[in-house]
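Since the structure comes first, as structure tokens, the remarks are kept for the end.
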Amino acid sequence: MLHRTFCHAPGVGPSLEARLWAAGFHDWDAVLAVSPADLPVPPARRGLLRQTVEESRERLAAGTMEDVAWFAARLPAREAWRLWSSFRDQAAYVDIETTGLGIGEDHITTIACQDATGLRTFVHGQTLDDFRSALDHCRLLVTFNGKCFDAPCIERQLDMPLPMAHLDLRYPLKKAGLRGGLKVIEKTLGLDRGELDGVDGFAAVLLWQGYRATGDARWLETLLSYNAADVLSLERLSARTHNLLVEGTPFDLLEQLPEPMPPANPIPAHQDIVREVLRRMGK
DNA sequence: AGGCCACGCCACGACAGAAC
DNA sequence: GTTCTGTCGTGGCGTGGCCT
């Protein structure tokens with residue numbers, strides 16, 4: 001979808017982009033194939049549009065982290081979803097758990113990261129520092145509400161800059177009509193958390209506390225299972241977001257993509273631990 | 001419950017095209 | 001050439017909603 005995008009050019013908003021599409025300029029090649037005078041945009045904007053399209057073609061072909069970040073910086077936030085189909089192979093889906101909502105002394109307890117190489121988890125006091133190199137090959141960071149929560153936490157607590165493009169699914173999903181938190185949206189799409197049903201972010205705090213208090217690895221494993229579940233659905237949600245938002249363009253049929261089922265969660269959740277946590281939560 | 005970001009709304013400026 | 005009108009993009013501000 002990115003190669004059909006013009007609203008990242010200065011002076012081109014939703015209206016002008018729609019005018020270009022309606023006039024048959026369906027991708028960058030079509031714009032470069034005609035003289036600037038034939039473009040259906042105000043004369044003062046033709047030069048910059050052509051220049052942006054030329055640079056876009058080069059940057060999409062190069063596809064370095066800087067190139068992807070260049071697109072992300074120029075796209076209006078509401079159109080950031082268009083990055084995903086072009087860079088999904090270099091995407092990393094990330095979610096963190098913490099001891100709270102960042103008030104006072106709260107810190108990251110675990111991180112789950114899924115990318116082309118598979119699922120990895122990182123634990124405070126054990127392997128958390130390894131996360132610093134986990135995103136070395138990542139061109140596109142994908143999260144849910146990560147712009148507000150996960151990314152600032154990681155940057156602040158691990159002192160780890162995140163310069164790559166960042167797609168926060170919360171906003172495009174809302175634009176596509178899917179509101180509410182991650183679990184609510186998963187249920188709407190028929191995705192089942194299985195034995196982790198009812199476990200939420202606050203439960204994750206209790207799971208960490210239980211692990212610290214008992215040293216029992218089953219508490220940690222259940223926490224990691226929950227953390228993993230949060231990232232394993234993100235690729236599917238990204239595809240659904242893409243497909244729903246592509247429906248609002250003239251390229252609905254051309255750009256629809258298969259929606260992969262989330263992989264099975266490789267980390268077991270222990271039922272007795274889940275029951276105990278839900279009991280402590282009054283559920 | 002705190003922090004953070006995008007969104008919605010509005011006002012404003014730039015520009016193109018029409019009318020005179 | 002000037003003026004008016006409509007369209008479009010941009011920036012500022014307040015607010016809602018999501019994370020653990």
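- In this structure, the NZ atom of Lys174(A) is 6 Å from the P atom of dG17(C), given to the nearest Å.
- What separates CG of Leu196(A) from P of dT20(C) is a distance of 13 Å, to the nearest Å.
- Nearest to the side-chain atoms of Leu16(A) among the listed nucleotides dT20(C), dC8(C), dC19(C) stands dC8(C).
- Where Cys148(A) and Thr109(A) each meet DNA chain C at their nearest nucleotide, the meeting point lying more 5' is that of Cys148(A).
- Arg179(A) places its CZ atom 13 Å from the C1' atom of dA6(B), with the value rounded to the nearest Å.
- The side chain of Arg156(A) sits closest to dC4(B) out of dC5(B), dC18(C), dC4(B).
- Side-chain proximity of Pro14(A) to the nucleotides dT20(C), dG9(C), dC19(C) is greatest for dG9(C).
- For Phe144(A), taking side-chain heavy atoms from C-beta onward, the closest of the listed nucleotides dC5(B), dT20(C), dC18(C) is dC18(C).
- Where Lys175(A) and Pro152(A) meet DNA chain B, the nucleotide closest to each residue was compared, and Pro152(A) sits on the side nearer the 5' end.
- A donor-acceptor distance shorter than 3.5 angstrom exists from the side chain of Asn227(A) to the backbone of Ala112(A), with no hydrogens or angles considered.
- As judged by a 4.0 angstrom heavy-atom cut-off over every strand, Gly180(A) is placed among residues touching the sugar-phosphate backbone only.
- For Glu97(A), the listed nucleotide lying nearest its side chain is dT20(C); candidates were dG17(C), dA6(B), dT20(C).
- Here Ser238(A) contributes atom OG and Arg240(A) contributes atom CZ; the two are 12.0 Å apart, rounded to the nearest 0.5 Å.
- We find that OH of Tyr171(A) is positioned 14 Å from P of dG16(C), with the value rounded to whole Å.
- In this structure, Arg4(A) satisfies the cation-pi test against Phe251(A), with its NZ or CZ atom closer than 6.0 Å to the six-membered ring centre and inside 45 degrees of the ring normal.
- In this entry the distance linking CD of Gln157(A) with C1' of dT20(C) reads 11 Å, nearest Å.
- Position along DNA chain B of the nearest nucleotide to Glu79(A) versus Asn145(A) favours Asn145(A) as the more 5'-ward residue.
- No engagement by Asp168(A) is indicated, since no non-hydrogen atom pair under 4.0 Å with the nucleic acid exists.
- Of the candidate nucleotides dT20(C), dC5(B), dG9(C), dC5(B) has the atom lying nearest to any side-chain atom of Lys147(A).
- Summarising the geometry, the separation between CZ on Arg78(A) and P on dA6(B) is reported as 11 Å, rounded to the nearest angstrom.
- Regarding Asp106(A), its CG atom lies at a distance of 16 Å from the P atom of dC19(C), rounded to whole Å.
- Side-chain contact, His166(A) with Thr143(A): a donor N or O sits under 3.5 Å from an acceptor N or O.
- Here Asn227(A) lies out of heavy-atom contact (under 4.0 Å) with every strand.
- Atom pair Ile154(A):CD1 and dT20(C):C1' shows a separation of 13 Å (rounding to whole Å applied).
- A donor-acceptor contact closer than 3.5 angstrom is absent between the side chains of Asn243(A) and Glu247(A).
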